[in-house]
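What follows is a set of notes on a single structure, which appears directly below.
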2 protein chains.
Amino acid sequence: MKGIRRLAQHLDISIGTVSRALNGRSDVSEETRRRVIEAAAAMGYAPNQAGRSLRQGNTNAVGFMIELGSDASSNNDNFFLGVFDGVQSALARHHLDLVVLPCATDEDPTQYMQRMIARHLVDAMIISATHRRDTRIDVLQAARLPFITLGRSATEGEHPWIDLDFAGVARRAVDRLAAAGHRRIAVAVPSNDINLGFVFLDSYKSALTANGLPFDPALVFRVPSSEQGGYQLGHDICAMGDRPSAVVLNYELLALGLYRRLGESGLTPGRDLAVIGFREGPASRFLAPTLTCFRLSLRDLGIALGEALLASMPAYAEVYPQGIVRRIWPMELVPGESDRA
Amino acid sequence: MKGIRRLAQHLDISIGTVSRALNGRSDVSEETRRRVIEAAAAMGYAPNQAGRSLRQGNTNAVGFMIELGSDASSNNDNFFLGVFDGVQSALARHHLDLVVLPCATDEDPTQYMQRMIARHLVDAMIISATHRRDTRIDVLQAARLPFITLGRSATEGEHPWIDLDFAGVARRAVDRLAAAGHRRIAVAVPSNDINLGFVFLDSYKSALTANGLPFDPALVFRVPSSEQGGYQLGHDICAMGDRPSAVVLNYELLALGLYRRLGESGLTPGRDLAVIGFREGPASRFLAPTLTCFRLSLRDLGIALGEALLASMPAYAEVYPQGIVRRIWPMELVPGESDRA
DNA sequence: GAGTGCACCGTAAACGTTTCTGGCACGATC
DNA sequence: GATCGTGCCAGAAACGTTTACGGTGCACTC
């Protein structure tokens, strides 16, 4: 005898009553409820999730899919762990748990997503690093699974999203450099089709125009989102005859590689090339000269993601009457010495 | 009509036959199997995991619990993402999926573990950053859930583990520094009760002895495992009257903070203080002077973890007849310029 | 031509839970 | 005193799947 039956037999009541008592139903006497709860704690009983899911049709879990392979994930441990923490906190208030679903490098992300949906492992999903056209979104919509994306996409649909303020970062970076007199401002964008690259580049262009500067395609550097990409960026810049005087980065780790490559050519950020980095992170804080970049609270972002997702789940929509959330997440400029050139 | 019934009705055969066909049972004709598989693909059918788990008593998923709170995991330079990739690859060969279970900073890890076990969400578990006494292990053993730990622990038990070669790193670092003539070699160890700290310190002490050097408690620095900890370490060293001439680090990000703090005092690693770092990572590769540290393949480590876990699961033990794996994972010295002092 | 074995398939039970339905006991109401 | 309402609980159905069991038709054997 196992599970709820064992508990019921031990208390000499029916399993139905045990279930109602534990689930806070009204038609149970307070006395009985107390006995059940105490016995459950004493015997270490907790309802089997499979039985529960089968009957109720939901799993009380939310998935967060990450792609380990592509540098399109454009993120690292430190980014994700911070966000997870916030999401988990937001969900825990409703007894939902977060499970992270990592898609290995050797697996197709869309197929992986389909498998996870078919498994009915989670009630809702969060996906990050959205592509310009993201087939994962099509799959999620076809499955009618509530979801939110961290990052926008050109894929049609009415789904909720939260996106970092890439446009604002690019604009403020260009404004700042232009105000300091720079006229040849380069930009780094991802070499794949991740959506933020388009947003970043568009905003960069219009900021140039707004500052009366011409757009020069030779100043757009497509590099992988990694330190290697930053190194390559530095290499490409150093190899140019007519070097830009400043560069705006779109990914946090680019600054590391760029600094190193500049150093190898005897160049100093902030003196020979003005650099504005992207996200402030553990590594960027220790660069010399200090990096001008942008700050955000990962935990707050995670909480906002969790709450926006809850708002899109029918069972919680009344608690979070925000409708479909579409939100640009602000980032705060942290001045450093790297853009003093 | 949903699920397997819909598929069976569409094919005009019984649900039992559909199930047997999809699960590769023998007593179904090849012709029928083909039809079923094709129809399943066409209709996007995949068995509901809740029903499956309930019947079979397992979930075909493995959990990897990480503590978002502990400072050992707060900023770890893509350590986890690399390991996940390997684990996932190893498990995928047996149609098992990896789900990562992040324990939020505001939740007790042991309670979280108990909740996850009670949910019957996974068939086996991986835990990392084991403490000297780790109650999560007790909980796992009481639940009779197969598990493996990444890191050892003083907790009694016969469970499998894989541990990075902290002892070897400390010994080789001390040997190398002693051979270079250093006589006052400091060491950084974590300020919490994570197990690797004890291993690291013990090995450091015996290596001193082996090299005929005295042990000086004043040269043991207990600092948090973070860049902040490294900064604090640098601060403490700079404040000493009789400074050590070398220091051995136990955590990858310490080097970043240490470099910065030394710089603030006008000191240069490799000239004023010999530094041997721990794990080579994206950040450490960009330090100047280059850091002497140790290398390992995270993906291979993950694969080994996955296979060792499979070996401890009754259903897969015959495929992986390795018994209970207890293994020190080697790390390779990467010479740099930081220990030339 | 009855018996035997085999390949294939349908039927139904079982997994652990929640929830619907019904029913008992008791007090209140007219 | 019959009726009604209410508080509480037992019983059973249902969720979607796998699997033990039994049965049918066919080929083959003596």
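Note on B:Gln56: a side-chain N or O is less than 4.0 Å away from OP1 or OP2 of D:dT19. OP1 or OP2 of D:dT18 has at least one side-chain nitrogen or oxygen of B:Arg52 nearer than 4.0 Å.
Distance alone, capped at 3.5 Å, is enough to place a donor-acceptor pair between the B:Asp108 side chain and the B:Thr110 backbone. B:Arg119 places a side-chain N or O within donor-acceptor distance of the main-chain N or O of A:Asn60, the cut-off being under 3.5 Å. Side chain of A:Ser19 to backbone of A:Gly16: no donor-acceptor contact under 3.5 angstrom is found.
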- request: Apply the test salt bridge (charged side-chain N to carboxylate O under 4.0 Å, His left out) to residues A:Asp134 and A:Arg136: give CA-CA distance (whole Å), side-chain angles for both, the deciding distance (0.1 Å), then the verdict.
  value: CA-CA 5 Å; A:Asp134 205 311; A:Arg136 295 178 300 172; 3.0 Å; yes
- request: Please report the C-alpha distance between A:Arg20 and A:Asp27 in whole Å, then the side-chain angles of each, then the deciding distance to 0.1 Å, and finally whether the side chain to side chain contact (heavy atoms under 4.5 Å, CB included) criterion is met.
  value: CA-CA 8 Å; A:Arg20 288 194 308 273; A:Asp27 51 352; 3.3 Å; yes
- request: Show the numbers, then the answer: is there a side chain to side chain contact (heavy atoms under 4.5 Å, CB included) between B:Asp85 and B:Leu298?
  value: CA-CA 8 Å; B:Asp85 195 28; B:Leu298 296 176; over 6 Å; no
- request: Applying salt bridge (charged side-chain N to carboxylate O under 4.0 Å, His left out), run through B:Asp193 and B:Arg132 and close with a yes or a no.
  value: CA-CA 6 Å; B:Asp193 69 337; B:Arg132 180 74 163 171; over 6 Å; no
Derivation of the salt bridge (charged side-chain N to carboxylate O under 4.0 Å, His left out) call for B:Glu30 and B:Arg34: CA-CA 6 Å; B:Glu30 279 313 311; B:Arg34 189 188 52 73; over 6 Å; no
message: Run the side chain to side chain contact (heavy atoms under 4.5 Å, CB included) test on A:Val122 and A:Met116 for me, step by step, so that the C-alpha distance in whole Å, both residues' side-chain angles and the decisive distance to 0.1 Å come before the verdict.
response: CA-CA 8 Å; A:Val122 296; A:Met116 290 302 131; over 6 Å; no
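Near DNA chain C, meaning a heavy atom under 4.0 Å from it, residues 32-42 of chain B has B:Thr32 in order of number. Contacts between residues 8-29 of chain A and DNA chain D, defined by a heavy-atom separation below 4.0 Å, involve A:Ile13, A:Ser14, A:Thr17, A:Arg20, A:Asp27, A:Val28, A:Ser29, listed by number.
Atom CD1 of A:Ile4 and atom P of D:dA14 are 19 Å apart (whole Å). Atoms CG (B:Asn58) and P (D:dT18) sit 11 Å apart, rounded to a whole Å. Rounded to a whole Å, the CG atom of B:Leu54 is 17 Å from the P atom of D:dA14.
Partners of A:Tyr45 under the side-chain hydrogen bond (donor to acceptor under 3.5 Å, both in side chains) rule, at least two apart in sequence or in another chain, do not exist in this structure. In this view, B:Thr149 and B:Ile127, B:Thr130, B:Ile137, B:Phe147, B:His159, B:Trp161 satisfy the side-chain contact (heavy atoms from CB on, under 4.5 Å) rule, not counting sequence neighbours.
For the residue pair A:Arg35 / A:Thr32, no side-chain donor-acceptor distance below 3.5 Å is found, with atom types taken as modelled.
Helix bend of the helix from C:dG1-D:dC30 to C:dC30-D:dG1: the angle between its two end axes, each built from five pairs, comes to 70° after rounding to 10°.
More than 12 heavy atoms of other shown residues, nucleotides or ligands fall within 6.0 angstrom of atom CZ in B:Arg33.
Scanning DNA chain C 5' to 3' for nucleotides with an atom closer than 4.0 angstrom to a non-hydrogen atom of chain A gives a first and last hit of C:dG16 to C:dC20.
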